[in-house]
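Just so you know, these numbers use all the heavy atoms, side chains as well, and skip hydrogens, waters and symmetry mates.
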Amino acid sequence: MLAAAAAAWTTSARAQKMPVIGYLCPESPDLFDSRLRAFHQGLREAGFVEGRNVAIEYQWANGQYARLPALAAELVARHVDVVVAPGGAPVALAAKATGTASTIIFEMGGDPVQLGVVDSLPRPGGNITGVSSLSVDVSPKRLELMHELLPTATRLAVVANPTSPTASSQLQKLRSAAETLGVQLRILNASKEEEFESVFAAVASEAANGLVFTSDPYFAFRSRRLADLAIKYGLPAITQTRDFPIAGGLMSYGGDFVQSHRRAGMYAGRVLKGEKPADLPVQLVTKVELVINLKTAKLLGREFSPSVISGADEVIE
Amino acid sequence: MIVRDRFRGLFPKYFLALFMAVAIPLAINGGIEAWFGYRDQRARLDQLLGVQASSAAAEIHNFIFDITTQLGWLVQQPWTDEPDEQRRTDAQRLLRQAPAIASLTLVDNKGHERLYVSRLGLNRIESRADRATNPALVGARASRVWFSDVSYNRGSEPYLTVATVGNRPAAGAVIAEVNLKLIWDVISAIKVGQTGIAFVLDQPGRLIAHPDISLVLRGAEASTSQPFRSLREAIGPGVGFATSQDARGRMVAASAAAVAGPDWTVVVEQPIAEAYAPIYAALWRTAALLAVSTVFAGLLAYALAHRMTEPIKLLEEGTERIGAGSFEHRISIQTGDEFQRLADSFNRMAGELALAQQHQERIAKLKRFLAPQVADLVDRAGDDSVLDGRRTDVVVVFCDLRGFTAFSAGVTPEEVMGVLSDYYAVLGRVIAQFEATLISFSGDGLMVLVNAPVPVEQPALRAVDLAIEMQKRVQKLIAGWHARGYQVGFGVGLAGGPATVGRIGYEDRLDYTAIGSVVNLAARLCASAADREILVDADVAASVRDRRSVRDLGNRQIKGFDEAIPVFGISYDAH
């Protein structure tokens with residue numbers, strides 16, 4: 001009897017297998033490594049460790065954002081318990097578009113209310129909630145920082161990704177900020193890596209000599225390439241992620257991705273524990289960081305004002 | 001059996017009494033201890049929660065106070081009309097150092113905005129916008145440090161506006177927007193016991209800080225804050241902690257403390273099960289101790305009751321056995337107390353009873369051949385050593401019937417036995433009367449001893465008087481017998497002198513007897529005595545010559561004696 005009960009327990013334990021997280025990633029594992037580690041850390045803080053008490057199914061778009069809806073549908077079809085959609089608004093929107101009944105936890109830089117992903121921050125509604133890193137909101141600050149570095153410049157270049165859902169709202173804010181700052185904007189588009197060089201070449205050949213990148217995951221994950229091009233063309237540029245100055249770019253201003261991905265992991269854990277997404281307000285990242293690279297500034301023959309240096313969270317020398 | 005039942009009842013009585021004597025004081029002590037322990041623990045819990053609440057309030061206060069202190073650095077120097085690059089650097093540095101500050105507005109002594117720096121919005125430098133009527137500025141000018149009500153950014157993140165002024169109007173004022181979400185670092189680090197938490201409510205009762213950030217992000221909603229507000233109301237302004245339900249519906253012990261400055265309240269709560277755990281543990285400990293003590297009391301009472309009733313049982317059995325005649329039985333009690341003494345005296349009594357019984361048996365034996373008076377004498381002496389063999393002067397009396405053999409051959413045995421019965425009845429009374437010792441019967445003959453085993457005064461005289469009384473009584477019988485035609489006579493012979501006296505025979509058949517020539521002489525004198533005759537030897541005759549009439553019958557040849565022996569006759573009045 002006891003043996004039968006034990007056997008039944010074992011089979012039921014096997015049948016009651018680990019919960020599964022579906023992880024929809026817009027990039028390759030290599031590029032996403034630092035974000036994934038932050039996600040795992042958050043998951044661990046909520047009490048889950050991959051392979052021990054939770055399984056994770058990954059879908060990698062490898063930079064081909066157009067594939068995201070198909071990959072999301074594939075993930076949903078596997079009946080995962082939670083869909084995690086990190087790395088930007090396109091991913092969250094693709095996941096939401098599947099109409100899955102599973103909970104979706106997003107991680108993005110944009111405003112999820114404005115994008116129509118959630119109803120409100122405290123009451124997201126539906127089966128979706130997550131973390132916003134505020135990177136999209138601070139695009140005008142990037143223009144301001146560039147203006148401060150180049151106070152005499154009357155024209156600054158802005159690079160946008162036309163395929164990004166937040167592109168138009170960011171450009172609108174940037175135009176408004178440019179008006180306040182008294183500069184003109186030269187808006188350039190790039191949605192593929194091959195288009196980057198032409199953007200830099202165009203700016204280098206024109207009067208506009210500072211590049212402000214809008215918040216966009218596609219740009220963020222290609223910081224090294226952008227930094228190389230900035231050095232090559234001797235152009236001061238600013239992006240949203242610290243990866244850029246670390247790779248040799250001039251500076252970055254944006255939400256702390258470690259914090260946002262970690263919190264997404266914590267939320268995924270809480271949902272696995274049975275909490276309803278409707279009860280989990282959308283979290284905004286508290287840390288927006290400024291990272292500057294003095295080495296690059298020297299290389300470019302530019303100088304940061306003391307107030308910028310003292311306000312920087314990290315200074316690379 | 002009844003006695004046994006009563007003793008069976010004694011054990012439970014003793015047991016109960018002893019058990020109660022130990023268990024009741026223990027129970028009372030345990031109860032009192034538990035009550036005071038409970039009170040002490042409650043007082044301790046009250047103190048503990050109070051301290052936790054104050055310490056949590058101090059930490060929250062420090063969080064705010066740190067920010068105001070840092071803001072103070074921005075209002076040290078007086079403003080000039082020139083743009084203040086240094087102050088801008090300081091403001092940027094402050095933003096970096098104090099992550100909770102979202103934006104800073106610096107205003108000069110005229111109330112004009114000189115600098116605005118923000119994490120999210122565009123900075124404004126020297127906008128000179130008039131902020132004189134800004135409530136923050138008005139408040140700070142009035143009270144040096146001013147706190148706004150808590151507002152919720154986009155209905156989610158709680159924000160506080162803090163304004164402070166310098167020590168002189170020329171230094172202007174600074175207004176900071178503080179993101180209260182960052183109190184999370186402070187509040188989540190506060191642990192109350194194992195699972196207890198702390199949270200912060202603003203003056204109207206909205207949730208500002210809680211270890212679960214998702215609750216704080218909905219703090220603006222009445223439904224979110226309501227349970228927390230209820231808990232604060234349950235605690236009230238009074239001293240001491242309150243027990244109430246928390247937001248998750250679990251019972252908690254909670255205490256509150258005010259945060260100086262922004263007029264907030266910090267509430268610390270601990271699940272009641274955990275808060276009371278030491279109380280429950282103490283109660284359990286007391287209960288367990290009581291249970292152990294009770295068992296111990298029971299064992300003790302059992303052992304004591306057993307110790308008390310066991311000797312009584314032994315005594316009871318012993319007395320029963322002694323009562324049943326087992327005088328050799330001894331009660332063995334080695335308790336060293338009154339019971340042992342009682343057992344010892346029982347044992348002594350049993351010994352004495354055995355002795356008394358032996359004595360009784362001896363006396364009964366003595367009575368067979370001693371006159372009752374003599375037997376009693378021996379009895380009173382308590383010593384039968386008088387029966388021991390010795391040599392002493394005795395008077396031996398023999399008597400028998402003349403012509404009895406011929407008579408007995410001619411009549412029926414019944415008539416023989418009837419005659420003998422009457423005869424011995426008469427003789428027995430006489431022997432008893434004179435306290436003589438009956439030695440033996442043989443048919444119609446009888447041997448009696450005087451002066452042994454009990455010495456008497458003037459044994460010869462007594463023996464002679466005995467013989468006279470015998471003759472007198474028997475002759476009366478003979479007179480009757482003659483009337484019936486029985487031709488029998490009665491003769492008596494006495495002799496005095498030394499003889500060996502003592503008990504002879506074996507175990508159950510012991511007789512007292514005398515051995516010596518005096519016995520033979522008395523027997524021969526009897527044999528030669530004719531009817532109505534009492535023959536005595538010279539010794540006896542000499543002893544009684546003056547007091548009784550003694551006739552000298554000259555020397556006679558007596559069988560068994562070589563020479564003729566002087567024989568005397570005793571005359572007696574037949575009537």
Most heavy-atom pairs under 4.5 angstrom with chain A, which of Leu122(B), Val117(B), Ile213(B), Asp90(B)?
Leu122(B)
Arg87(B)/Asp108(B) ion pair, N-O < 4.0 Å
no
Residues Arg114(B), Glu126(B): salt bridge by 4.0 Å N-O rule:
yes
Any Lys/Arg nitrogen of Asp149(B) or Arg206(B) sitting under 4.0 Å from an Asp/Glu carboxylate oxygen of the other?
no
With a 6.0 Å cut-off (strictly less than), is the heavy-atom count around OH of Tyr159(B), excluding the residue itself, greater than 12?
yes
Most contact-rich option vs chain B, by heavy-atom pairs under 4.5 angstrom, among Leu290(A), Thr286(A), Val288(A), is Thr286(A)
So CD of Glu85(B) and OG of Ser305(A): to nearest 0.5 Å the spacing works out to 6.5 Å
Hey, which of Arg218(B), Arg93(B), Gln92(B) has the most heavy atom pairs under 4.5 Å with chain A?
Arg218(B)
For the CD atom on Glu303(A), are there more than 12 heavy atoms of other groups (residues, nucleotides or ligands in this structure) within a distance under 6.0 Å?
no
Distance from Leu181(A) atom CG to Leu156(A) atom CG, nearest 0.5 Å?
8.5 Å
Can you confirm whether more than 12 heavy atoms, excluding those of Glu179(A), are under 6.0 Å from its CD atom?
no
Is it the side chain or the backbone of Gln283(A) that comes within 4.5 Å of chain B heavy atoms, both, or neither?
both
Would the distance check show the side chain of Ser176(A) and the main-chain N or O of Gln172(A) forming a donor-acceptor pair, the cut-off being under 3.5 Å?
no
CG of Asn293(A) to CZ of Phe244(A): how many Å apart, nearest 0.5 Å?
9.5 Å
Could you look at Thr180(A) and say if it's the side chain, the backbone, both or neither that has a heavy atom under 4.5 Å from chain B?
side chain
Greatest number of non-hydrogen atom pairs under 4.5 angstrom with chain A, of Thr224(B), Asn179(B), Asn123(B), falls to Asn123(B)
Residues of residues 253-268 of chain A with a heavy atom under 4.5 Å from any heavy atom of chain B, in residue-number order, are Tyr253(A), Arg263(A), Tyr267(A)
Looking only at Glu289(A), Arg270(A), Lys173(A), most heavy-atom pairs under 4.5 Å shared with chain B are made by Arg270(A)
Report which part of Leu284(A) has an atom under 4.5 Å of a heavy atom belonging to chain B: side chain, backbone, both, or neither.
both
What part of Lys287(A) lies closer than 4.5 angstrom to a heavy atom of chain B: side chain, backbone, both or neither?
neither
Using a cut-off of under 4.5 Å on heavy-atom pairs, state which of Asn153(B), Val216(B), Asp212(B) scores highest against chain A.
Asp212(B)
With the threshold set at 4.0 Å, does a side-chain nitrogen-carboxylate oxygen contact exist between Glu221(B) and Arg123(A)?
yes
